[in-house]
Amino acid sequence: MPLSSLSFEFFPPKGIRASLRLWEAVSELAPLGPDFVSVTFGAGGVQHGLTLDTVKAIKKHFNLVVAAHLTCCNATREETLEVAESYSAAGVREIVALRGDPPTGTGTFRPHPGGFEDSCALISALAELKKFSIRASAYPDPHPDATGPGADVEWLKRKVDAGATSAITQFFFEAESYFRFRDACDAARINVPIIPGILPIEDWTRMKRFARRCDAHVPAWLADAFETAVRDDRHDLLAISVCTELCSDLLDGGVENLHFYTLNKPNLTREVIRALRTAPTASLRYVA
Ligand code: FAD
């Protein structure tokens, strides 16, 4: 299957150096022709002004479609919807609507007393505004809060019934995880695009920390390969080949859209896309 649609996730910068890095990342990746880019919302629901500022700047300077993330952690319903309204006023028409995590170290999610109780409630309220198309999250490997096998599929079904019109998955490292989840979603009659979230491994140590935090499955073969590659200083080559292979397996299995978690670093994402677009099986829509 040709790669027909691309998207990139960025996070809002917190200082001048980080702003320059973000600028470089967007400048490098925009020419690849993404269908949309998304901008994350501060963990724990903090510093959402940075998301809005980043969204506005990307829209203004790069003329890209921007999906703004929104979580309902640590905020009343009114405060959360105010942020949505500020997105709308800035011309945003797509929201990635999430429950979010509690601030670091405070354990399991507890809704704010005046806030949305979960992502379904947030999605319903956003759908009622009729101002946005709503993307939800999806979890091919089980989310830590899943109550049992199939729970993440059932929950995604509820989010779609509440008004989500597409989903972006958490990152995963084996195409089988995605295909198992997609088949279960098909069986549950979830009829929206489920876009695989792809994490090129820029920094192995950081990725392990990140995966531990969100309980993402890191296969033993991947750990062995990276431990050796880091030792031999071949990390980048391995990162490109592992990620290209994963994307290529997904495309062979019928996937048409890929969403890259760029971490504001363009190089690996760009190299992977270049490899996919020059591979004999991929159809080319090269814009750069
Ligand atoms: P949900 O999908 O609502 O819940 C996750 C799982 O928990 C469900 O699949 C279900 O199994 C279970 N569950 C949750 N609530 C219930 C319930 N009431 N009853 C039964 N089961 C339940 N975090 C940020 O802070 N900022 C971001 O910008 C951000 N962007 C993200 C983008 C994507 C594409 C993804 C996949 C994750 C993102 N996250 C972000 C991380 C996310 O906030 C965490 O994974 C969080 O723990 C779950 O939020 P959610 O909306 O995905 O949860």
Side-chain angles (χ1 to χ4, degrees), residues 7-13 36-52 54-55 66-75 80 83-84 87 92 94-104 106-112 115-126 134-164 166-172 177-178 181 184-185 188 190 192-199 210-217 257-264:
S7 51
F8 303 123
E9 181 189 281
F10 299 106
F11 63 85
F36 71 95
V37 302
S38 77
V39 179
T40 63
F41 200 74
V46 297
Q47 294 186 311
H48 54 74
L50 289 179
T51 303
L52 180 61
T54 306
V55 165
V66 186
H69 292 213
L70 177 61
T71 74
C72 54
C73 240
N74 256 345
T80 303
V83 178
Y87 289 163
V92 171
E94 295 195 18
I95 287 189
V96 181
L98 304 139
R99 182 197 75 184
D101 282 321
T104 319
T106 58
T108 49
F109 174 82
R110 303 242 177 285
H112 184 286
F116 292 108
E117 61 269 28
D118 53 39
S119 55
C120 284
L122 171 63
I123 289 168
S124 288
L126 291 174
I134 302 164
R135 299 182 187 273
S137 58
Y139 294 90
D141 292 328
H143 184 277
D145 295 351
T147 49
D152 293 317
V153 174
E154 279 168 36
W155 194 248
L156 178 58
K157 170 90 175 120
R158 290 185 57 174
K159 293 195 281 191
V160 170
D161 291 345
S166 70
I168 302 172
T169 76
Q170 182 61 285
F171 63 86
F172 55 89
S177 302
Y178 174 84
F181 184 75
C185 289
I190 296 173
V192 300
I194 300 173
I195 305 172
I198 306 294
L199 178 69
F210 198 31
R212 221 173 295 126
R213 227 184 307 142
C214 54
D215 240 3
H217 172 61
N257 311 335
L258 296 173
H259 183 73
F260 285 85
Y261 293 111
T262 71
L263 304 179
N264 294 0

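Here the structure is a predicted model, which is why all the values come from computation and not from measurement. Atoms within a ligand are numbered from 1 in the order they appear, just like the ligands themselves.
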Between the side chain of Thr169 and the main-chain N/O of Gly197, is any donor-acceptor distance below 3.5 Å? yes
At under 4.0 Å between heavy atoms, is it the side chain or the backbone of Asp145 that contacts ligand 1, or both, or neither? both
Atom 11 (O) of ligand 1: nearest protein contact (heavy atom, Å): Asp152 OD1, 2.7 Å
Taking atom 23 (N) of ligand 1 as the reference point, report whether a protein heavy atom occurs under 4.0 Å from it. no
Cation-pi check, Arg99 to Phe116: give yes when NZ or CZ is under 6.0 Å from the six-membered ring centre and within 45° of the ring axis, no otherwise. no
I'd like to know if the side chain of Asp152 and the backbone of His143 have a donor-acceptor N/O pair within less than 3.5 Å. yes
Taking only non-hydrogen atoms of Lys159, do any sit less than 4.0 angstrom from ligand 1? yes
Picking from Val55, Ile168, Thr40, what satisfies side chain to side chain contact (heavy atoms under 4.5 Å, CB included) with His69? Thr40
Report yes if some heavy atom in the side chain of Ser119 is under 4.5 Å from a heavy atom in the side chain of Leu98; otherwise report no. no
Ignoring hydrogens and geometry, is there a side-chain-to-backbone donor-acceptor pair from Lys157 to Cys185 under 3.5 Å? no
Please list, in number order, the atoms of ligand 1 under 4.0 Å from a heavy atom of Asp101. 43 (O), 44 (C), 46 (C), 47 (O)
If only atom types and distance count, is the side chain of Tyr261 paired as donor or acceptor with the main-chain N or O of Phe10 below 3.5 Å? no
Looking only at protein heavy atoms, which one is nearest to atom 39 (N) of ligand 1, and what is the separation? Leu98 CD2, 4.3 Å
Looking at ligand 1, does any of its N/O atoms fall within less than 3.5 Å of an N/O of Phe41? yes
Of the side chain and backbone of Phe11, name the one, both, or neither that has a heavy atom under 4.0 Å from an atom of ligand 1. neither
Has ligand 1 got any nitrogen or oxygen that is less than 3.5 angstrom from a nitrogen or oxygen of Ser119? yes
If you scan protein heavy atoms around atom 32 (C) of ligand 1, the nearest is His69 CE1, 3.6 Å
Distance flag, aromatic centroids of Tyr139 and Phe172, threshold under 6.0 Å: no
Arg99 and ligand 1 - part of the residue with a heavy-atom distance under 4.0 Å: both
Tell me: protein heavy atom nearest atom 48 (C) of ligand 1, and distance? His143 NE2, 3.4 Å
In terms of its nearest heavy atom to atom 21 (N) of ligand 1, the top option of Trp155, Tyr261, Phe109 is Trp155
Among all the protein's non-hydrogen atoms, which is closest to atom 25 (O) of ligand 1, and how far away is it? Ala43 CA, 3.5 Å
List ligand 1 atoms under 4.0 Å from Thr40, heavy atoms only on the residue side. 28 (O)
Going from CD1 on Ile190 to CG on Asp161, what distance comes out if it is rounded to the nearest 0.5 angstrom? 8.5 Å
In ligand 1, which numbered atoms sit nearer than 4.0 Å to a non-hydrogen atom of Thr71? 24 (C), 25 (O), 26 (N)
Those atoms of ligand 1 less than 4.0 Å from some heavy atom in Ser137: 2 (O), 35 (C), 36 (C), 50 (P), 51 (O), 52 (O)
Please examine the side chains of Cys214 and Gln170, heavy atoms only from C-beta on, and report whether any two atoms are closer than 4.5 Å. yes
Which of the ligand 1 atoms, numbered from 1, are nearer than 4.0 Å to a heavy atom of Ile168: 34 (C)
protein heavy-atom neighbour closest to atom 43 (O) of ligand 1 works out as Gly100 CA, 3.1 Å
re atom 41 (C) of ligand 1, the protein heavy-atom contact at minimum distance is Tyr139 OH, 4.3 Å
Nearest non-hydrogen partners of Cys73 and Asp101, listed with the distance: SG-O, 2.7 Å
Looking at Tyr178 and Ile195, would you say the former's side chain and the latter's main chain have a donor-acceptor pair under 3.5 Å? no
